[in-house]
2 protein chains.
Amino acid sequence: MSEEDKGTEELIFEAAQTVFVQKGFDGTRMEEIARVAGINKSLLHYYYRTKEKLFNAIFKKAFSYFMPKVLSTISSDLSFDEKIKIFTATYVEVLLKNPHIPIFILNELNRNPDNAAQMIGELTGIAQNDTFGKFSALIQEEIDKGNIRSIEPEQLIVNLIGLCIFPFAARPIVQGIVFKNDKKRYNEFLEKRKTEIANFVLQSIKIEK
Amino acid sequence: MSEEDKGTEELIFEAAQTVFVQKGFDGTRMEEIARVAGINKSLLHYYYRTKEKLFNAIFKKAFSYFMPKVLSTISSDLSFDEKIKIFTATYVEVLLKNPHIPIFILNELNRNPDNAAQMIGELTGIAQNDTFGKFSALIQEEIDKGNIRSIEPEQLIVNLIGLCIFPFAARPIVQGIVFKNDKKRYNEFLEKRKTEIANFVLQSIKIEK
DNA sequence: GTCTATACACTGATAGAC
DNA sequence: GTCTATCAGTGTATAGAC
């Protein structure tokens, strides 16, 4: 399907995604979305009544990149180490393809938590099917079996997710200040993270030393 | 000095800080700042000509909480382990007192990188006096001395900072989804982070196992 | 379905009285 | 220094022609 064959609705959706993700809800003008989509401002309202409805559609899609299905990795029958490795590598890969998603989601989550919570709820029916709860249980199991050292499962989970997301959410700091605006070094840095995060975490929690 | 004794300029500054940090530049209305400050809208322009100038003043102040002087810890004559412990503990403490700062800074840095970079530049004269460069050198020294395992200094630095900042920037996710909106558990979680982060990191990079 | 024209509200900023 | 009044510009949304 070529660019011209796309239906107007999809054209609008993609333009809205580009602008909303880059500028956030407050910073986005319907005018600009229309311009990017190459159509008239009124058509936006024809397809999506209000700015909020259009935004919410984008938010849902974006959130699925932010909290990807990767989390289902933990339900597989791989070894714990493999789960951590695949989870972090795949997560970083997804974010490399959608680098602006983290700050967009974090910011909108903060700006309008109630609406965001509702959008998230509508996504999976009910609270991600408690993926984090299952993840916690899995970690506790590993501790009980003596495979990893004692650590609060929630601390480990937040560490894992934070290590993946942070370099993207804080790109201007990491690229600009840590790497003195050397974009090439910043990108190499992210590339290495695919394996570096799992390595860093597993080194911290392994027991046989 | 009581609330009433404050000069108008300071009153405006504090009101602006409250609103800007909560709603960002695009989401903030001069009207609301005036209302929070309990003064007239025109007075804002009398003291700070434009919305941008007022915002920039707030941004500079906020950034000093985001990248606190804690970084100077690394120039002290403490042991490497102690430096990591004090750095992370103090950083988390600062953020506990200013929990909305991280997402505010990250978002504005992303929204208008050029202006933000200039504001940061005006803060310390020139690029933080290359604190991160010194930090990198310190880490490399420890590796060369055989005190910690081999790791790219930049990866370690980003891990350290990310582990401190992320739980604040992603509060709605961590408190809402991981802790199912149990605010008490979320706060206990943050409290424990003061020591947990250093512990987690040092476990990962120590050599004698 | 897509366009032009326009209503209506709001926002940042200024002018001018006190 | 502080206020009221007001302007000019912009933003979302709708009405109506085609």
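A note on names: the letters A, B, ... follow the listed sequences, proteins ahead of strands, and every chain is numbered from 1.
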query = About how many Å separate CD1 of A:I86 and CD1 of A:I74, when rounded to the nearest 0.5 Å?
reply = 13.0 Å
remark   = For A:F87, the ring pair (Phe, Tyr, Trp, His ring centres under 6.0 Å) test, sequence neighbours excluded, returns A:Y91
query = Going 5' to 3' along DNA chain C, which nucleotides are the first and last within contact of chain B (any atom under 4.0 Å from a heavy atom)?
reply = C:dT11 to C:dA15
query = Heavy-atom contacts under 4.0 Å between residues 107-115 of chain A and DNA chain D, which residues?
reply = none
task = List for me each residue that meets side chain to side chain donor-acceptor pair (under 3.5 Å) alongside A:E52, sequence neighbours excluded, and say none if there are none.
result = none
task = Classify the ring geometry between B:F66 and B:F63 as parallel (under 30°), tilted (30 to 60°) or perpendicular (over 60°).
result = tilted
ask   = Once the angle between the rings of A:F55 and A:F104 is folded into 0 to 90°, is it parallel (under 30°), tilted (30 to 60°) or perpendicular (over 60°)?
value = perpendicular
message = What is the distance, to the nearest angstrom, from the NZ atom on B:K51 to the P atom on D:dT10?
response = 14 Å
request  = For the pair B:N98 (side chain) and B:V94 (backbone), establish whether a donor and an acceptor sit closer than 3.5 Å, ignoring hydrogens and angles.
outcome  = yes
ask   = Which pairs count as salt bridge (charged side-chain N to carboxylate O under 4.0 Å, His left out) when at least one residue sits in residues 77-93 of chain A, sequence neighbours excluded?
value = none
remark   = Under a 4.0 Å heavy-atom cutoff, the residues of residues 20-32 of chain A touching DNA chain C are none
task = Name all residues meeting the side chain to side chain contact (heavy atoms under 4.5 Å, CB included) criterion together with A:Q118; count only those two or more places apart in sequence or in a different chain, and write none if there are none.
result = A:E122
Mind listing the side-chain donor-acceptor pairs of residues 157-165 of chain A below 3.5 Å, one per line with the distance, residues two or more places apart or on another chain?
from   : atom 1 : to     : atom 2 : distance (Å)
A:N159 : OD1    : B:R193 : NH1    : 3.4
A:N159 : OD1    : B:R193 : NH2    : 2.0
A:N159 : ND2    : A:Q155 : O      : 3.3

Pair A:K180 + B:D130: basic N to acidic O under 4.0 Å = yes
ask   = Partners of B:K184 by salt bridge (Lys or Arg N to Asp or Glu O under 4.0 Å), sequence neighbours excluded?
value = B:E188
request  = Describe, as an angle rounded to 10 degrees, how the axis at the first end of the helix from C:dG1-D:dC18 to C:dC18-D:dG1 is tilted relative to the axis at the last end, five pairs per end.
outcome  = 10°
Of all pairs that satisfy salt bridge (charged side-chain N to carboxylate O under 4.0 Å, His left out), the ones with a partner from residues 36-48 of chain A, not counting sequence neighbours = A:E31-A:K41
ask   = Do B:T18 side-chain atoms and B:E14 backbone N/O form a donor-acceptor pair below 3.5 Å?
value = yes
key: Within residues 39-46 of chain B: residues closer than 4.0 Å to DNA chain C (heavy atoms)   = B:K41, B:S42, B:H45
note = Separation between CG (A:N199) and CD1 (B:I151), nearest 0.5 Å, reads 7.5 Å
ask   = Backbone N or O of B:V70 within a donor-acceptor pair of the B:T90 side chain at under 3.5 Å?
value = no
